[in-house]
> 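Sharing a structure, written as structure tokens. Questions coming.
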Protein chains: 2
Amino acid sequence: MQDSRPTDAAAPDAGAEADAGAGQRDLAAAGIAELRALGERVTPARRAVLRVLAETSEHLCVDDVLARADVIVPGLHRTTVYRAVETLGDLGLVTHVHPDHGPAVYHLDPSLTGSSHLHVRCRRCGEISDVPADLLDGVADRLARQIGFQLQPDHAALTGLCRACAAADPADDPR
Amino acid sequence: MQDSRPTDAAAPDAGAEADAGAGQRDLAAAGIAELRALGERVTPARRAVLRVLAETSEHLCVDDVLARADVIVPGLHRTTVYRAVETLGDLGLVTHVHPDHGPAVYHLDPSLTGSSHLHVRCRRCGEISDVPADLLDGVADRLARQIGFQLQPDHAALTGLCRACAAADPADDPR
DNA sequence: GTTCCTGCAAACTCTTTGCACTGAG
DNA sequence: CTCAGTGCAAAGAGTTTGCAGGAAC
């Protein structure tokens, strides 16, 4: 498992600042309320996944979520986390991003956090950074007009080299 | 294996038109010459992979390449194709693109074909379309200036919905 | 004659699926 | 009580690795 730490290099709207626990708990609670409102079952596993995602601004892969959620719900199974994030994704509570390599990463949907952003990933070090949500607005317009393609810019990470890796030794194994 | 047919919806410079065999053969030959010039071994497997990629403008995954190259070099092994495209990639003769789902797809590097482009992939139908190479130039500039990130815009496909799928039933299982 | 490539088998990562059981509503 | 969610085992896709044999130079 590669870890998937974000840098927030150019975070858009600074959302939930350096707040310790209160704001995050509200996020999880809001997610749970929404679950209930949608007529979905509120289970320990889903609670835990929401809480884990609410407690961080990092981009967590399923294994990361499992590791943290297992503390809350011991014995939680990886498959269950896959199913939970899928369900929560279908409901619009959780969003996932596909990096060019490695597992998909998850975070709370901007509709809950109020802070939307896109992702870039360094091919060399694998670090995922947030970039402003409007970065691809112009590109989306062009694609829509020219070929009728509706860009979903948050669904795949853009790739390249981060500042550090671009500066470093240019010959290493990029993927 | 999902098949990976490009649409050339907005192909940039029309490169090698509707030419049957001559232009493509030259491309493969150029690749082989380059291989030799770089002091790399020219093996049947590498020849075949180059020829397969030179003979199409589609985006082929390893299995596609294998299926076509196996006709030229019977018994060719999948592993060998993986290693060939990796080597050819390191040498700058072949480029690969990571769609958000499914296997990486390969094509000859623009330095050989003279026709560079980026890729968008429909989340619903999986179709990969080419889009103009300069689409992300502005975005690349912004990323470089703002966070020092060197975008490699051809390395990951942008995702969204193609015209047909966007028009169709909006509730299906997107990935 | 070396060195590098190839084929094969096996492993590895990430993810999905089928089935019996249990717990939420 | 019922149905949906869970755990477990297994399988699936895509890719990588180790090693012995063979071909390129």
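Just so it is clear, the structure is predicted and the values come from calculations on it, not from any experiment. Order of the sequence lines sets the chain letters (A, B, ...), proteins ahead of strands, with each chain counted from 1.
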> Measure from the side chain of A/Arg83, starting at C-beta and using heavy atoms only, and say which of C/dC19, D/dG5, C/dA9 lies closest.
C/dC19
> If we count only N and O atoms by modelled type, under 3.5 Å, do the side chains of A/His107 and A/His96 hold a donor and an acceptor together?
no
> Does B/Val42 reach a base, just sugar-phosphate, or nothing at all? Heavy atoms under 4.0 Å.
sugar-phosphate
> Taking B/Asp70 for the side chain and B/Ala67 for the main chain, is one N or O donor matched with an acceptor at less than 3.5 Å?
no
> Side chain of B/Pro103, heavy atoms from C-beta onward: which of D/dG14, D/dC8, D/dT17 has the nearest atom to it?
D/dG14
> Can you see if the side chain of B/Thr80 gets near the phosphate of C/dG7 - specifically, an N or O under 4.0 Å from OP1 or OP2?
yes
> Nearest to the side chain of B/Leu76, heavy atoms from C-beta on, is which of D/dT6, D/dC8, C/dG7?
C/dG7
> Can you see whether A/His117 engages A/Asp154 through a side-chain donor-acceptor pair at a distance of less than 3.5 angstrom?
no
> Looking at B/Tyr82, does any N or O in its side chain come under 4.0 Å of the phosphate oxygens OP1/OP2 on D/dT15?
yes
> Can you list the steps and then say if B/Asp109 with B/Thr95 is a side-chain hydrogen bond (donor to acceptor under 3.5 Å, both in side chains)?
CA-CA 5 Å; B/Asp109 192 86; B/Thr95 297; 2.7 Å; yes
> Over all strands shown, is B/Ala84 touching base, sugar-phosphate only, or nothing at heavy-atom distances under 4.0 angstrom?
nothing
> Given atom CZ of A/Arg46 and atom C1' of C/dG23, what is their separation to the nearest angstrom?
12 Å
> A/Arg41 side chain N/O closer than 4.0 Å to the phosphate oxygens (OP1, OP2) of D/dC3?
no
> Can you check whether any acceptor in the base of C/dG7 is under 3.5 Å from a donor in the side chain of B/Arg78, or vice versa?
no
> Look at all strands and tell whether B/Thr43 reaches a base, only sugar-phosphate, or nothing, counting heavy atoms closer than 4.0 Å.
sugar-phosphate
